[in-house]
Amino acid sequence: MNPTINNRISIIGVPLDLGADRRGVDMGPSAIRYAKVGEKLQALGYEIDDKGDIAANRPDSCYVDGTSLKYLDEIERVNTELCHMVAEEMAKARFPLILGGDHSIAIGTISGVLQHKKKLGVLWFDAHGDINTAATSPSGNIHGMPVAVCLGRGHERLTGVGGRAAKLDPEKFVMIGIRDLDPGEKMLLKELGVVVYTMHEIDIMGMAKVMEEAIKIVANGTEGVHVSFDMDVIDPLHAPGVGTPVLGGLTYRESHLAMELISAANIVTSAEFVEVNTVLDNRNQTAKMAVDLMGSLLGERVL
Ligand SMILES: NC(=[NH2+])NCCC[C@H](N)C(=O)O
Ligand SMILES: [Mn+2]
Ligand SMILES: [Mn+2]
């Protein structure tokens, strides 16, 4: 596979925070734009079309249907719209860059990309596995479930987003930076055979080696690679503006090196950066970091 990066990018903001327990990621798309994402990518030579935000309701104005799948109605609705928008931009041969929002939006992004790339590899950067189902989730928060959904497990109203056609192949799904898994998540990861590079492997092997292996897995035999980047994969020292921080994350350089190596491999065909929580952030530091990482992913180099 060698899909030579598209120089036309469509930005889609998804100010949804219903998948998370705390408010604040609804302002993520604004914060990332304020940190000059458009300017950065234009300076790198991309043509940018900012499609604006998908309207999402606030928790005080919608129904919390149950406690095991909180806000299922609205999350299904927003993800269905996102799925259509992503598919539409890809039909115009544009690169979709999604700004979150909580991580439940990966359900819409990935189902949209799958309409065009049936064989898709995914690099999932996260402190968490996000592979709970209603049965295993300790919180009922849907942002802890998108990986299960994209692999075909979970509530049918979520697995049904974008139609029941393609689902991801667990063998082409790689997780990086993981350090917090619930018991049910460990079981499902093993059952499905997802390759997981936890912080332990990153410490021992180094990020360069981890990425070399990960890239091989997702690039071989696929038509494209999606990067799903949860800002909480980075150590809270550098990215304090996230709702579910976990100590012991990626350093500033480890995260950039990962993006630079993906860029050099020329494999990425869509990306999303999620879970920027502006309420908890420190002078927009986490949003700025997200923009810098997008730069590295999309070709920015020191020299
Ligand atoms: N996208 C995230 N930040 N997910 C955090 C998930 C936390 C926990 N595993 C849960 O299911 O509730
Ligand atoms: Mn996370
Ligand atoms: Mn996540």
Side-chain angles (χ1 to χ4, degrees), residues 14-26 28 56 59 64 66-72 75 78-79 82 98-110 122-151 153-155 158 168 173-189 194 196-199 202 226-236 238-250 255 258 271-281 286 289-290 293:
V14 192
L16 177 74
D17 67 358
L18 299 172
D21 243 341
R22 317 165 84 155
R23 300 228 51 202
V25 292
D26 55 317
V64 197
T67 51
S68 63
L69 287 155
K70 295 180 196 156
Y71 303 104
L72 177 61
I75 291 174
V78 170
N79 274 293
L82 174 59
I98 318 308
L99 316 179
D102 73 67
H103 218 162
S104 71
I105 66 171
I107 296 169
T109 306
I110 291 175
V122 174
L123 293 168
W124 189 276
F125 291 87
D126 209 319
H128 309 94
D130 290 352
I131 190 163
N132 273 305
T133 61
T136 63
S137 170
S139 62
N141 295 330
I142 296 179
H143 77 156
M145 308 182 189
V147 175
V149 171
C150 291
L151 294 172
R153 304 293 180 103
H155 197 284
L158 296 173
L168 290 172
F173 195 103
V174 176
M175 291 187 174
I176 298 157
I178 310 300
R179 53 195 185 277
D180 182 6
L181 293 171
D182 299 316
E185 294 189 295
K186 296 182 191 179
M187 282 165 59
L188 190 50
L189 282 169
V194 174
V196 182
Y197 295 95
T198 69
M199 286 310 300
I202 297 171
H226 174 68
V227 171
S228 194
F229 200 101
D230 183 331
M231 289 304 289
D232 69 28
V233 75
I234 299 163
D235 196 89
H238 310 293
V242 297
T244 44
V246 188
L247 291 179
L250 300 186
S255 60
E272 67 201 332
F273 286 77
V274 304
E275 299 279 348
V276 171
N277 187 315
T278 61
V279 171
L280 301 168
D281 206 3
T286 306
M289 175 122 189
L293 288 165

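Whatever order the structure lists ligands and atoms in, that order sets their numbers, starting from 1.
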Colleague: Any atoms of ligand 1 less than 4.0 Å from a non-hydrogen atom of S139? List them with their elements.
Modeller: 10 (C), 11 (O), 12 (O)
Colleague: In ligand 1, which numbered atoms sit nearer than 4.0 Å to a non-hydrogen atom of D232?
Modeller: 3 (N)
Colleague: Just jot down the ligand 1 atoms closer than 4.0 angstrom to any heavy atom of D230, in number order.
Modeller: 1 (N), 2 (C), 3 (N)
Colleague: Examine D130 and say whether one of its N/O/S atoms is closer to the Mn ion (ligand 3) than 2.8 Å.
Modeller: yes
Colleague: So which bit of H143 gets within less than 4.0 Å of ligand 1, heavy atoms only: side chain, backbone, both or neither?
Modeller: both
Colleague: How long is the span from the CG atom in L18 to the CG atom in L72, to the nearest 0.5 Å?
Modeller: 11.0 Å
Colleague: Check ligand 1 against H103 and write out every atom of the ligand that is under 4.0 Å from a heavy-atom position of the residue.
Modeller: 1 (N)
Colleague: Any chance you could measure L123, atom CG, to F173, atom CZ, to the nearest 0.5 Å?
Modeller: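 Taking CG in L123 and CZ in F173, the distance rounds to 9.0 Å.
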Colleague: Heavy-atom distances under 4.0 Å are what count here, so tell me which part of L181 touches ligand 1: side chain, backbone, both or neither.
Modeller: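 Answer for L181: neither.
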Colleague: For ligand 1, note which part of M145 has a heavy atom under 4.0 Å away: side chain, backbone, both or neither.
Modeller: neither
Colleague: Looking only at protein heavy atoms, which one is nearest to atom 3 (N) of ligand 1, and what is the separation?
Modeller: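 Answer for atom 3 (N) of ligand 1: T244 OG1, 2.9 Å.
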Colleague: So how far is it from I202 CD1 to R179 CZ, rounded to the nearest 0.5 Å?
Modeller: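 Reported value, rounded in 0.5 Å steps: 8.5 Å.
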Colleague: Can you find a heavy atom in the side chain of T136 that is under 4.5 Å from one in the side chain of D182?
Modeller: no
Colleague: Working to 10°, measure the angle at the Mn ion (ligand 2) formed by atom OD1 of D126 and atom OD2 of D230.
Modeller: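 The angle at the Mn ion (ligand 2) comes to 90°, rounded to the nearest 10°.
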Colleague: For the 3.5 Å polar cut-off, considering only N or O atoms, please tell me whether D126 and ligand 1 meet it.
Modeller: no
Colleague: Would you give the length of the straight line joining atom CE of M145 to atom CZ of R153, rounded to the nearest 0.5 angstrom?
Modeller: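 So the gap between those two atoms works out to 15.0 Å.
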Colleague: Give the residue and atom name of whichever protein heavy atom lies nearest to atom 7 (C) of ligand 1, and the separation in Å to one decimal.
Modeller: H128 CD2, 4.0 Å
Colleague: What N/O/S atom of H103 is the closest to the Mn ion (ligand 3)?
Modeller: ND1
Colleague: To the nearest 0.5 angstrom, please state how far the CG atom of L189 sits from the OG1 atom of T198.
Modeller: 11.5 Å
Colleague: If I take atom CD1 from residue I75 and atom CG from residue L82, how far apart are they, to the nearest 0.5 angstrom?
Modeller: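 Here the interatomic distance stands at 12.5 Å.
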Colleague: As a test of understanding, state which of V233, V147, D130 forms a side-chain contact (heavy atoms from CB on, under 4.5 Å) with M175.
Modeller: V147
Colleague: For atom 11 (O) of ligand 1, which protein heavy atom lies nearest, and how many Å away is it?
Modeller: N132 ND2, 3.0 Å
Colleague: Does any N, O or S atom in H128 come within less than 2.8 Å of the Mn ion (ligand 3)?
Modeller: no
Colleague: Under a 4.0 Å heavy-atom limit, does D130 contact ligand 1 with its side chain, its backbone, both, or neither?
Modeller: side chain
Colleague: Check each atom of ligand 1 against the heavy atoms of G144 and keep those under 4.0 Å away; list them by number with element.
Modeller: 6 (C), 11 (O)
Colleague: Can you check whether E275 reaches D102 side chain to side chain, under 4.5 Å on heavy atoms?
Modeller: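 E275 vs D102: side chains touch.
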Colleague: Could you confirm whether D180 has any N/O/S atom lying under 2.8 Å from the Mn ion (ligand 2)?
Modeller: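 Looking at D180, which is the residue asked about, there is no N, O or S atom under 2.8 Å from the Mn ion (ligand 2).
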Colleague: Which residue supplies the protein heavy atom nearest to atom 9 (N) of ligand 1, what is that atom called, and how far is it?
Modeller: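 I find the closest protein heavy atom is D182 OD2, 2.7 Å.
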Colleague: Taking the side chain as every heavy atom from C-beta outward, state whether P240 and T286 have any pair of such atoms under 4.5 Å apart.
Modeller: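 Yes, close enough: below the 4.5 Å cut-off.
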Colleague: What heavy-atom pair brings V246 and A127 nearest, and what distance separates the two atoms?
Modeller: CG2-CB, 3.8 Å
Colleague: Closer than 2.8 Å to the Mn ion (ligand 3), do we get an N, O or S atom from D232, backbone or side chain?
Modeller: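 No N, O or S atom of D232 is closer than 2.8 Å to the Mn ion (ligand 3), so no.
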Colleague: Would you say N141 has any N or O atom under 3.5 Å from an N or O of ligand 1, going by distance alone?
Modeller: no
Colleague: Do you know which of D232, D21, D126 makes side chain to side chain donor-acceptor pair (under 3.5 Å) with T244?
Modeller: D232
Colleague: Between S228 and H103, does any side-chain donor sit less than 3.5 Å from a side-chain acceptor?
Modeller: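 Side-chain D/A pair, S228 to H103: present.
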